Amino acid sequence: MKLWSQFFIPTLKESPADAEIASHKLLMRAGLVRKLGGGLYTYMPLGLRVIHKVSAICREEMDKAGAIELWMPHVHPVENWQQGPRWAAAREIMFRADHAGDGKRAPRDPEFVLGPTHEEIITPLVKTEITSYRDLPKNFYQIATKFRNEIRPRYGLMRAREFIMKDAYSFDADDAGAIKSYQAMKGAYDAFFARVGVKAISVEADTGVMGGSFSHEYMVPAEVGDDDVVYCEDSSYSANREKATSGIVPADLADAAPVGDTEKFATPGVVTIAALEAAPYSVPADRQFKTLVFVGDDKPFIVIVRGCDDVEEAKLGSLGFKLWRPATADEIVEVLGAKPGSLGAVKGTIKDPSKLGGIFADHAIRLIGNGTTGANEDGFHLRNVNVKRDLAITSFGDFRSVRAGEPCPKCGQPLKIRRAIEVGHVFKLGTKYSEKFGAVYTDDKKQMHPMVMGCYGIGISRTMQAVIEQSHDADGIIWPWSVAPFQVLVCLLDPQDAAASEVAKNLGAAAEKAGADVLIDDRAERPGVKFKDADLIGIPLRITVGGKGLKEGVVELKWRDQKEMKKIPLAEAEAIIADAVKSKA
RNA sequence: CGGGGUGUAGCUUAGCCUGGUAGAGCGCCUGGUUUGGGACCAGGAGGUCGCAGGUUCGAAUCCUGUCGCCCCGACCA
């Protein structure tokens with residue numbers, strides 16, 4: 001039981017100007033966090049209580065699923081990362097932590113980085129500690145701070161530079177075991193999000209820089225999310241847009257027959273799909289080939305999609321490059337011989353095909369018969385271009401971004417898309433890290449094998465904010481019982497009145513005995529201020545004790561998520577409150 | 001990193017275009033009146049106008065640079 005006057009809850013009437021979204025404003029206004037710098041936040045006493053509750057639930061579910069808690073350093077020797085499989089991709093988000101404070105690290109001084117995640121730490125550890133199949137499987141986790149130099153931190157705790165994450169790493173003897181571990185984590189995640197009161201859906205996801213064979217993200221639908229979730233209401237299909245496919249290309253598609261030879265025509269000044277759609281050319285975007293040039297591991301390659309489609313850059317990961325980026329105009333001219341706007345991949349028109357790492361075409365371009373594309377000569381295009389006959393394609397793949405309304409790949413019904421916040425991610429990693437670090441074990445036939453790994457993250461601090469984003473009204477936060485910083489608020493309207501104070505403390509004690517965390521608002525403030533603050537900080541159950549009510553022999557009981565308030569007789573108040581608390585626990 | 005914005009008291013901000021004493025509301029302190037949904041009156045404290053140059057008799061205001069922060073894009077739990 002805490003007295004408000006002896007605790008610290010600095011509420012604000014107005015939101016700081018840099019808070020954009022509801023949950024960020026409420027984090028600030030309810031005194032849960034304060035900003036130190038971009039993406040860096042102090043957890044204030046009230047906010048820390050929520051973090052502790054979320055962490056405790058996470059810990060319980062992880063333990064229940066058989067994971068084992070440990071704690072790893074967050075200052076990492078850079079060698080661990082240099083030896084790992086993703087140094088090139090990961091280094092740009094890592095903070096350096098040189099031990100030389102003046103920044104003048106001598107050549108022989110060790111170099112450190114702040115840990116953005118811990119595969120590079122746990123895998124070498126397991127390599128030295130576990131060598132026998134008898135010690136497998138194992139799943140280690142920690143709940144700790146992570147450091148990522150996000151290029152653009154935003155929305156408070158949603159995307160911070162320093163944040164709290166639960167990360168778990170499973171090690172199995174074989175693929176079947178790894179899938180079991182993966183399923184166990186999915187079960188734990190479902191239980192966790194249900195308990196903290198967040199409606200999270202799991203969706204198929206791109207594995208990104210983590211690598212690995214498959215993964216699911218846990219998404220909280222919200223307009224302010226950074227991701228797009230593609231889903232179908234009829235089938236169970238749901239996926240991150242980066243990964244999502246649609247049934248836009250029929251399986252039995254027959255390629256269109258050419259109507260004539262390819263033909264060059266002048267298109268002075270035309271450098272966009274839209275310009276070619278307009279008169280006098282009038283070529284619909286879905287009849288144009290869009291030719292884009294990327295550079296993958298220092299070698300240019302071409303991606304072709306329909307003019308009406310967008311390339312989903314994450315999908316280019318399937319091509320096997322470690323790093324890739326859009327090519328610059330100069331690089332494009334060097335290889336294709338023309339500037340962007342007149343590019344194509346028709347056989348014989350590419351200036352220097354030997355420099356290319358490949359020409360990759362999206363399946364959907366097969367829907368185009370006798371289309372139009374750039375001639376690799378500024379100001380000229382080619383018409384009557386046909387996929388099979390004319391384009392020098394290395395291979396086909398899925399590279400386009402799905403749009404709402406396209407047919408679901410499972411059932412054909414129209415797909416929908418909505419924004420969402422990623423709060424958790426499970427990856428089946430395979431042997432990418434264990435092979436790199438030599439984390440092998442000996443089986444019962446004296447054979448050595450790399451361990452099969454999985455990794456599993458939950459953004460603890462982000463989950464806290466996602467709860468607020470999903471559960472608030474115009475007056476403030478509405479905490480679910482399970483993660484509320486306090487569950488019962490005794491609103492003592494007349495703290496100078498000894499009898500009323502006594503009643504408040506007794507009722508608070510009764511609620512506490514029944515299992516609730518209790519806060520008593522004993523401040524010398526006017527009632528209006530107390531009620532406004534109560535709504536703002538969102539404590540689920542409010543008990544109001546005031547001189548007026550006591551004269552009638554009643555106190556008031558009000559749930560934060562309900563409109564109406566109930567007067568209860570003082571004589572029965574302790575029992576009624578205890579029952580209310582027990583009904584929630 | 002590219003594009004756009006912004007920086008004035010603890011918070012929200014006016015003033016800037018058109019240079020001339022830095023203003024308000026909230027919050028804070030003192031006293032009084034109040035007391036069931038962010039009270040009222042009186043008094044008070046608090047600002048090197050992000051920083052550094054420049055133009056000018058004179059700069060919060062104009063110019064240049066720089067830093068922080070916010071928004072849009074790529075990245076992520």
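Since we're looking at a predicted model, the values are computed, not measured. Numbers restart at 1 for each chain; the letters A, B, ... are given by sequence-line order, proteins then strands.
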Taking only the P atom of each, what is the distance from B:C11 to B:U48 in whole angstrom?
13 Å

Those residues that, when tested against A:Lys505, pass salt bridge (Lys or Arg N to Asp or Glu O under 4.0 Å) (two or more places apart)
none

Partner residues of A:Asp398 under the salt bridge (Lys or Arg N to Asp or Glu O under 4.0 Å) criterion, sequence neighbours left out
A:Lys315

Using the P atom as the point on both nucleotides, what is the distance between B:G15 and B:G50, in whole Å?
15 Å

Who are the side chain to side chain donor-acceptor pair (under 3.5 Å) partners of A:Arg154, not counting sequence neighbours?
A:Asp226

Produce the list of close N/O pairs, under 3.5 Å, pairing protein atoms with atoms of nucleotides 35-38 of chain B; give distances to one decimal.
| residue | atom | partner | partner atom | Å |
| --- | --- | --- | --- | --- |
| B:G36 | O6 | A:Gly549 | N | 3.4 |
| B:G36 | N1 | A:Glu556 | OE1 | 3.4 |
| B:G36 | N1 | A:Glu556 | OE2 | 2.9 |
| B:G36 | N2 | A:Glu556 | OE1 | 2.0 |
| B:G36 | N2 | A:Glu556 | OE2 | 2.7 |
| B:G37 | O6 | A:Arg542 | NH1 | 3.2 |
| B:G37 | O6 | A:Arg542 | NH2 | 3.0 |
| B:G37 | N1 | A:Asp535 | OD2 | 3.1 |
| B:G37 | N2 | A:Phe531 | O | 3.4 |
| B:G37 | N2 | A:Asp535 | OD2 | 2.2 |
| B:G38 | O2' | A:Lys13 | NZ | 3.2 |
| B:G38 | O6 | A:Arg29 | NH2 | 2.9 |
| B:G38 | N1 | A:Asp533 | OD1 | 3.4 |
| B:G38 | N2 | A:Asp533 | OD1 | 3.2 |

Please table the atom pairs, donor to acceptor, closer than 3.5 Å between any side-chain atom in residues 533-543 of chain A and protein atoms at least two apart or in another chain.
| residue | atom | partner | partner atom | Å |
| --- | --- | --- | --- | --- |
| A:Asp533 | OD1 | A:Thr11 | OG1 | 3.0 |
| A:Asp533 | OD2 | A:Arg523 | NH1 | 3.1 |
| A:Asp533 | OD2 | A:Arg523 | NH2 | 3.1 |
| A:Arg542 | NE | A:Thr544 | OG1 | 3.3 |

First encountered from the 5' end of RNA chain B, between A:Arg148 and A:Gly37:
A:Gly37

Among the nucleotides B:U12, B:C71, B:A77, which one has an atom lying closest to any side-chain atom of A:Glu14?
B:U12

Which residues satisfy the side chain to side chain donor-acceptor pair (under 3.5 Å) test with A:Glu331, sequence neighbours excluded?
A:Arg325, A:Thr328

By side chain to side chain donor-acceptor pair (under 3.5 Å), which residues pair with A:Ser401, not counting sequence neighbours?
A:Arg241, A:Glu312

Could you identify which residues of residues 160-171 of chain A place a heavy atom less than 4.0 Å from some atom of RNA chain B, listed by residue number, or say none?
A:Ala160, A:Phe163, A:Met165

Under the ring pair (Phe, Tyr, Trp, His ring centres under 6.0 Å) rule, collect the residues that match up with A:Phe294, sequence neighbours excluded.
A:Phe301

Between protein and nucleic acid, restricted to nucleotides 41-46 of chain B and to nitrogen or oxygen atoms under 3.5 Å apart, what atom pairs and distances do you find?
none

Please identify each residue that fulfils ring pair (Phe, Tyr, Trp, His ring centres under 6.0 Å) with A:His74, with sequence neighbours left out.
A:Trp71, A:His118

Could you work out the separation of B:A52 and B:A60 based on their P atoms and round it to a whole Å?
13 Å

Find the runs of at least 3 consecutive base pairs, i with j, i+1 with j-1 and so on, that include RNA chain B, using Watson-Crick or G-U wobble geometry with both distances under 3.5 Å.
B:1-7 with B:67-73, B:10-13 with B:23-26, B:28-33 with B:39-44, B:50-54 with B:62-66

